[in-house]
Amino acid sequence: YSSQGDYPRALEYYEKSLSILESLLGANHPDVATSYNNIGLVYKDQGDYPRALEYYEKSLSIYKSLFGVNHPAVALSYNNIGTVYADQGDYPRALEYYEKSLSIYVSLFGVNHPDVATSSYNNIGLFYTAQGNYSRALEYFEKSLSIRESLFGDNHLYVATSYNIIGAVYSLQGDYPRALEYYEKSLSIRESLLGFNHPDVATSYNNIGFVYYCRGDYPRALEYYTKTLKIRETILGTEHPSTLETKENIEFLKTRMDK
């Protein structure tokens, strides 16, 4: 229900699960902590950040009491709390929790680990992106990319995601040649692994189309937006918000081309 966006039903079932787990296992059990975490995630997705923090902190408290302060579950809880502060725009608090999470992951796994790349470096990169500090953001995204390449090789979806994020930062900086370079690297991996008819491929086409639009190359932008639309109509349907957004982009672009 959560993945479908039906948050009231998701909460209903998560709370039923929590009630059963507490009655069977007691209040201080890892599965109870996981239930608190799941409920916190639903509140976060709903935008109810105080309730999200309440449940994430309950989860964190259990994990710390059971495992101590230097455990992956504690690191994940710090990371989750950081994302809530980031969504609220409280970036100093977000960074504080991201760095706590990073410190644990590095102490447990070393610097060359997927959780370091994804949960820590990526989120810190997103933090600096939100602040408009693009040079620091790139620093962390490139650290994440380096780890992913060393662990998974050059042709992996995690690597494609890193290329896409780096491309987005260059686009925000107005460095469109570099943005296009990274978006095309991401697209190449996604096409090779996912085929040509996948939502992530559509996202890559859309991003490339946007870069061409920003450069004033409207025919190339239209070419990529049209590719995006074809996939989204096929996979998501004609009334999906992403499909409708793409149609609007195409209509707007055509009005610019007619001037």
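- Counting heavy atoms from C-beta on, the side chains of Thr203 and Arg232 come closer than 4.5 Å.
- Applying the side-chain contact (heavy atoms from CB on, under 4.5 Å) test to Asn123 and every residue at least two apart in sequence or in another chain returns Asn79, Thr83, Tyr98, Leu126.
- Put simply, CG on Leu18 and CG on Leu11 are 11.0 Å apart, with the number rounded to the nearest 0.5 Å.
- Every side-chain contact (heavy atoms from CB on, under 4.5 Å) that Phe252 has, sequence neighbours left out, goes to Tyr213, Thr255, Arg256.
- When all heavy atoms of Ile62 and His29 are compared, the pair lying nearest together is CG2-O, 3.7 Å.
- A ring pair (Phe, Tyr, Trp, His ring centres under 6.0 Å) with Tyr85 holds for exactly one of Tyr97, Tyr49, Tyr78; it is Tyr97.
- Judged as a salt bridge (charged side-chain N to carboxylate O under 4.0 Å, His left out), and not counting sequence neighbours, the contacts of Lys247 are Glu233.
- Side-chain heavy atoms closer than 4.5 Å link hydrophobic residues (I, L, V, M, F, W, Y) into clusters, and following such links, possibly through other members, connects Leu41 to Val32.
- When side chains are defined from C-beta on, Ser65 counts as touching Asn28, because their heavy atoms get closer than 4.5 Å.
- Considering only residues two or more places apart in sequence or on other chains, Pro219 meets the side-chain contact (heavy atoms from CB on, under 4.5 Å) condition with Asp217, Met257.
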Show the atom names and distances, to 0.1 Å, of all donor-acceptor pairs under 3.5 Å that link a side chain in residues 100-110 to residues at least two apart or in another chain.
{"residue": "Ser101", "atom": "OG", "partner": "Ala75", "partner atom": "O", "Å": "3.0"}
{"residue": "Ser107", "atom": "OG", "partner": "Asn70", "partner atom": "OD1", "Å": "3.0"}
{"residue": "Ser107", "atom": "OG", "partner": "Asn70", "partner atom": "ND2", "Å": "3.4"}
{"residue": "Ser107", "atom": "OG", "partner": "Ser103", "partner atom": "O", "Å": "3.3"}
{"residue": "Ser107", "atom": "OG", "partner": "Ile104", "partner atom": "O", "Å": "2.8"}

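- Identified under the salt bridge (charged side-chain N to carboxylate O under 4.0 Å, His left out) test for residues 68-89, with sequence neighbours left out: Lys44-Asp87.
- No side-chain donor-acceptor contact under 3.5 Å links Thr234 and Asn197.
- Other residues, nucleotides and ligands place no more than 12 heavy atoms under 6.0 Å from the CZ atom of Phe210.
- Hydrophobic clustering (side-chain heavy atoms under 4.5 Å, transitive across Ile, Leu, Val, Met, Phe, Trp, Tyr) keeps Ile250 apart from Tyr205.
- Relative ring orientation between Tyr128 and Tyr140 is described as parallel, the plane-to-plane angle staying below 30° on a 0-90° scale split at 30° and 60°.
- Under the 4.5 Å side-chain criterion, counting only non-hydrogen atoms from C-beta, Leu24 is not in contact with Asp31.
- Atom CD1 in Ile81 sits 5.0 Å away from atom CD in Glu57 (nearest 0.5 Å).
- In plain terms, the two heavy atoms of Gly237 and Thr243 that are nearest each other are O-OG1, 2.8 Å.
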Donor-acceptor list for residues 144-151 side chains, cut-off 3.5 Å, not counting sequence neighbours:
{"residue": "Ser144", "atom": "OG", "partner": "Ala117", "partner atom": "O", "Å": "3.0"}
{"residue": "Ser144", "atom": "OG", "partner": "Asn122", "partner atom": "OD1", "Å": "3.1"}
{"residue": "Arg148", "atom": "NH1", "partner": "Tyr158", "partner atom": "O", "Å": "3.2"}
{"residue": "Arg148", "atom": "NH1", "partner": "Ser162", "partner atom": "OG", "Å": "2.9"}
{"residue": "Arg148", "atom": "NH2", "partner": "Thr118", "partner atom": "OG1", "Å": "2.9"}
{"residue": "Glu149", "atom": "OE2", "partner": "Tyr163", "partner atom": "OH", "Å": "3.0"}
{"residue": "Ser150", "atom": "OG", "partner": "Asn112", "partner atom": "OD1", "Å": "2.9"}
{"residue": "Ser150", "atom": "OG", "partner": "Asn112", "partner atom": "ND2", "Å": "3.3"}
{"residue": "Ser150", "atom": "OG", "partner": "Ser146", "partner atom": "O", "Å": "3.4"}
{"residue": "Ser150", "atom": "OG", "partner": "Ile147", "partner atom": "O", "Å": "2.8"}

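- In this structure, Leu244 stands alone, with no Ile, Leu, Val, Met, Phe, Trp or Tyr side-chain heavy atom under 4.5 Å from its own, directly or through other members.
- Here CZ of Phe152 is found 5.0 Å from NE2 of His156. Values are rounded to the nearest 0.5 Å.
- For residues 120-140, the pairs satisfying salt bridge (charged side-chain N to carboxylate O under 4.0 Å, His left out) are Arg136-Glu139, Glu139-Lys143, with sequence neighbours left out.
- Minimum interatomic distance between Ser242 and Leu236 (heavy atoms only, all atoms of both residues): CB-CD1, 4.0 Å.
- Minimum interatomic distance between Val84 and Ala52 (heavy atoms only, all atoms of both residues): CG2-CB, 4.2 Å.
- Here the side chains of Tyr170 and Leu138 are in contact, with some heavy-atom distance below 4.5 Å.
- For residues 221-231, every residue pair satisfying the side chain to side chain donor-acceptor pair (under 3.5 Å) rule, not counting sequence neighbours, is listed here: Arg220-Glu223.
- Here His240 pairs with nothing under the ring-ring contact (aromatic ring centres under 6.0 Å, His included) rule; sequence neighbours left out.
- When the side-chain contact (heavy atoms from CB on, under 4.5 Å) test is applied to Thr129, the partners found at least two apart in sequence or on another chain are Tyr134, Ala137, Phe141, Val169, Leu172.
- With rounding to the nearest 0.5 Å, the separation of CD in Glu142 from OH in Tyr121 is 13.0 Å.
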